Amino acid sequence: MKNGFRQSMAWLHTWTGLLLGWLLFAIFVTGTSSYFQEEITAWMTPEVQGVSADGAESYAAATRWLAREVPGAGEWSIYSAGKRAAGLQLYWVNGPDAPEDAPTSARLDGAGHKVEARDTRGGAFLYRFHYDLYYINWYWARWIVGIAAMAMLVAILSGIVTHKKIIADFFLLRLGKGQRSWLDAHNASSVLFLPFILMITYTGLVSLATHYMPWGIAANYASEDKFFEAAFPWPAPAEKAGPAPLTAIAPLVERAERTWGAGAGSVRVLNPGDRTAQVIVSTAPDAGMSVRPRSLTFDGVTGKLVGAHDPSGAASATEGTMIGLHAGRFASAVLRTLYFLSGLAGCVMVGSGLILWTVKRRAKLADPDRPHFGFRLVEKLNIGAIAGLPFAIAAYFLANRLLPLAGDGRSDREIAAFFIAWGATFVWAGVRPTPRAWPEALAVTAIAFACVPIVNALTTDRSLVASLIAGDRVFAGFDLAMLLAAAGFGWAASRVLRRTAKPVGRSAKPSPTAAEAL
Amino acid sequence: MTHILLLLFTTTGFALLCLSRTRHQSALVGRKLSARTTRHARWGGLLSLALAFYVAGHGIGWAAGAVEWLGAASLGALVTMTALSIRQGREASR
């Protein structure tokens, strides 16, 4: 090795980080938003009101609703929207007599009444995007995301080797010093939050491990389906044997919750109203650190316990807990906030790393006024990725409030708004001179975020003021977060603008591009 | 209460560790500290972080508590770093 170990690690860090940095930034931002997935979905379905009802009784109310509305269904599933959001999501499989196009799902509010919520994917879109992307086949998307995550792990480890003075520079953050400051910000966000960043990258890879490394399953099971059947059983309804009344659901849920010492998250009823009926109660996602639910199966007529599933084998518990650490569904409000802040630090790390690539190379350009193509390309992609993705998220929220409620494919048009906004930022970055495009893109993002609470107040009766008065933490918190985001991007835009407007003192030094002034 | 106490202990811990670095002492307290005080600051900082771990484990449970301790430690270090950065900026402009 001619250049020595550290130099070769620095090379590896620079190029793995740059090549997959834009995608990693998108994964980090959408993944970070997913810590508040339930809140985002609640905000995007303002029709669903009320506090979450008492668990056992709300499941019982839902089964009564189902028995009334779809008595002939072959199976019912009732999912709680979670502790932090109101309502229940119902799915059912229609019986043979039902028409082809009969509905198979409904949403109930906290009081157990059916609500016609607007058609939206809510926070689930951002969550799914962070590992399945969009517009491309999920199978290949997961490979692309996996390669990005692997590159991330390589970049983290090579970054640790490259960083010469982790301990000595631990507390160092020198602001307003150009390249020095960018390096400090990049180091601080990664070193201070290293436990989170290492954990999230590694457990992210683990959560899709069976996708990336199917050979363990291939060696031990006849097919992948056989493995999933054994690891995550999902019993099918038996042949019907004749009518019999369904047992009361609430006592079963209460018994299950007593057995676990944790809340129930879903109830599945197979063959309701038949002698072969079964009731399967499963734990809520926040019942433990592992994401793998425990479940109890009851006889649907007598209410007797007939089976229990507890995936607590060593391998399964390790895998479930690693994914649990990644998703943070077990987290309390405080820990969730810490997760979110750590995720933001990850975004800062990736973003500052991308910008650092241009900052470092600008000083060495032969002609700073006419940089070569590769340099200009990186600059433009940085604007599109770093300002464009947050802008796309704001556009997604705005589309949720502004698109007409009626009409098919409404949720698809919300998602289209997301990608149009994102694509528009890339186009804008491409046609405008870079020093102008940075503050413009950041300012537009700030304005878009600021518009979200305003549009919300104009189009619903759940404005920020109304939410604060009603003590609605989810809605008030969401609107306040939008205002904070607007303030953050506005601050960045004004900073960039001030620095580029100011004449540069030393004439020998090439004038810094907008973002580098931050 | 546990959460506030936890954050308090991790921030104190990193503040003391920061104080135990000779290069930061003049920015933080305006002078160099003696070797003895520096040593005390270092051990005090580590002790504070250990106490924070106990508070987290005892109050939240050792599994979720350990996770929250790491998060609170990151935040405590960030608060310390920001405070130091502001003080250094002020010192430089003086």
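Throughout, protein chains are lettered first and strands after them, A, B, ... in sequence-line order, and every chain is numbered starting at 1. Since the structure is predicted, the reported quantities are computational estimates derived from the model, not experimental observations.
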Trace of the ring pair (Phe, Tyr, Trp, His ring centres under 6.0 Å) decision for B:Trp69 with B:Phe9: CA-CA 10 Å; B:Trp69 177 73; B:Phe9 274 126; over 10 Å; no
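In the model, B:Gln25 has a side-chain atom that pairs as donor or acceptor with a side-chain atom of B:Thr38 under 3.5 Å. With 3.5 Å as the limit, one finds no donor-acceptor pair spanning the side chains of A:Ser33 and A:Thr30.
Only the side chain of A:Ser332 comes within less than 4.5 Å of a heavy atom of chain B; its backbone N, CA, C and O stay farther away. Only the side chain of A:Phe330 comes within contact range of chain B, with heavy atoms under 4.5 Å apart. Heavy-atom distances place both the backbone and the side chain of A:Leu173 under 4.5 Å from chain B. Using a 4.5 Å cut-off between heavy atoms, B:Leu17 contacts chain A through both its backbone and its side chain. Neither the backbone nor the side chain of A:Leu194 comes within contact range of chain B, judged by heavy atoms closer than 4.5 Å. With a 4.5 angstrom heavy-atom cutoff, A:Ile167 touches chain B via backbone and side-chain atoms both. Proximity to chain B is absent for every atom of A:Ala345, based on heavy atoms less than 4.5 angstrom apart. Contact of B:Leu70 with chain A is made through the side chain alone, with heavy-atom distances under 4.5 Å.
Ranked by heavy-atom pairs under 4.5 Å with chain A, the first of B:Ala77, B:Cys18, B:Gly71, B:Ala63 is B:Cys18. Contact count against chain B (heavy-atom pairs under 4.5 Å) is highest for A:Leu335 among A:Thr337, A:Asp184, A:Leu325, A:Leu335. For the options B:Ile86, B:Leu75, B:Leu78, heavy-atom pairs under 4.5 Å to chain A are most numerous at B:Leu78. Top candidate by heavy-atom pairs under 4.5 Å with chain B, chosen from A:Pro195, A:Ala168, A:Ser189, is A:Ala168.
Using a 4.5 Å cut-off on side-chain heavy atoms (C-beta onward), A:Phe36 and A:Arg336 make contact. No side-chain heavy atom of A:Ile323 sits under 4.5 Å from any side-chain heavy atom of A:Thr203.
A:Glu319 and A:Arg292 are joined by a salt bridge, as a carboxylate oxygen and a charged side-chain nitrogen come within less than 4.0 angstrom of each other.
Side-chain atoms of A:Arg294 do not come within 3.5 Å of backbone N or O of A:Ser282 as any donor-acceptor pair.
A side chain to side chain contact (heavy atoms under 4.5 Å, CB included) with A:Thr283 holds for exactly one of A:Ser290, A:Ser295, A:Pro293; it is A:Pro293.
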